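One structure below.
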Amino acid sequence: MEYNIKRPVEYSDMDINLNLSITGTLSILQNMMTEFYGTFESDNISLKKRNNAAWVYTKIKLHFMYNPKWREVLNFSSYITKIKPARTENELSAKTEDGKAVFVAKLESCPIDLSTRKVRKLSDIDFPEDIEVKEDSLKDGFKRLNFDSSSFNKVSERIVKLSDIDYTRHTNNVSYVRFITDLLDSTVIDKIVIKDFEIHYMSESSEG
């Protein structure tokens, strides 16, 4: 099973140099995942109504091969590559109309209970047991994070606001990426183009 859409790269997707931004790309990925899972009634609106549950993203890995131009029309696709008892992995990609690869992404997600905020098994929610699983093309797995956060120096502070939270009443995954990229300044983005990005979401935060 594969989900496909075609749409232009829009102005709100771009950075200050009219390159497809990290936050713009993750917004596209988030929308694709929602619409894809909606095709078999396992999106967050459906799960909240029937299972008091919602999908949350746990890991995202993104690799760019080409920076599309503003208004360039892209073909996007997504499919499931792995199913675990309480996790799914999806591959999402984009190509130009003439077939040039733009980016490929790997995304891991899990369902949580909206009351207890604990992870739930796929067998406990409305998720099809016989859904098709396809082979992924992004062979590099997610990195193992081994670090001591006590050695970090605080360089900034951000209070989570209303515009940062989403339907699951926690900080949206794209907001975290915006918090990170806001630690850079425009002179950095003028000098470099980000080709690879990976983020792991380890716990939730909420408004305030």
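The model shown is predicted, which means the values in this text are computed figures rather than measured ones. Residue numbers run from 1 in the order of the sequence given.
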Tyr57: which of His200, Met33, Glu108 passes side-chain contact (heavy atoms from CB on, under 4.5 Å): Met33

Does Ser77 reach the main-chain N or O of Tyr3 with its side chain, forming a donor-acceptor pair under 3.5 Å? no

Between Ser137 and Glu91, do the side chains contain a donor N or O and an acceptor N or O under 3.5 Å apart? yes

Ignoring hydrogens and geometry, is there a side-chain-to-backbone donor-acceptor pair from Thr81 to Glu135 under 3.5 Å? no

Measuring centre to centre across the rings, with the benzene-like ring taken for any Trp, is Tyr201 within less than 6.0 Å of Tyr176? yes

Considering only heavy atoms from C-beta outward, does the side chain of Ile83 approach that of Ile131 to under 4.5 Å? yes

Is a salt bridge present between Lys61 and Asp196, judged by a nitrogen-to-oxygen distance below 4.0 Å? no

Donor-acceptor contact present, side-chain Glu89 to main-chain Lys106, <3.5 Å: no

Between Ser42 and Asp126, is there a donor-acceptor pair closer than 3.5 Å when you use the side chain of the first and the backbone of the second? yes

Any donor-acceptor pair under 3.5 Å linking the side chain of Asn31 with the backbone of Ile28? no

Tell me whether Arg120 is salt-bridged to Asp113, with the criterion being a basic N under 4.0 Å from an acidic carboxylate O. yes

Would you please indicate if the ring centroids of Trp55 and Tyr167 are separated by under 6.0 Å? no

What are the two closest non-hydrogen atoms of Val160 and Ser206, and how far apart are they? CB-O, 3.4 Å

Between Tyr37 and Ser109, a side-chain donor and acceptor under 3.5 Å: no

Do Thr88 and Asn90 come within less than 4.5 Å of each other through their side chains, counting heavy atoms only? yes

Distance-only polar pair, side chains of Asp43 and Ser46, donor-acceptor under 3.5 Å: yes

Look up atom CG in Asn173 and atom OG1 in Thr168, then write down how far apart they are to the nearest 0.5 Å. 9.0 Å

May I ask you to establish whether Lys195 and Phe64 are in a cation-pi arrangement, using a distance under 6.0 Å from NZ or CZ to the six-membered ring centre and at most 45° from the ring axis? no

Check this for me: does any side-chain nitrogen of one of Glu198 and Lys143 sit under 4.0 Å from a carboxylate oxygen of the other? no

Got a salt bridge between Glu10 and Arg71, using NZ or NE/NH1/NH2 to carboxylate O under 4.0 Å? no

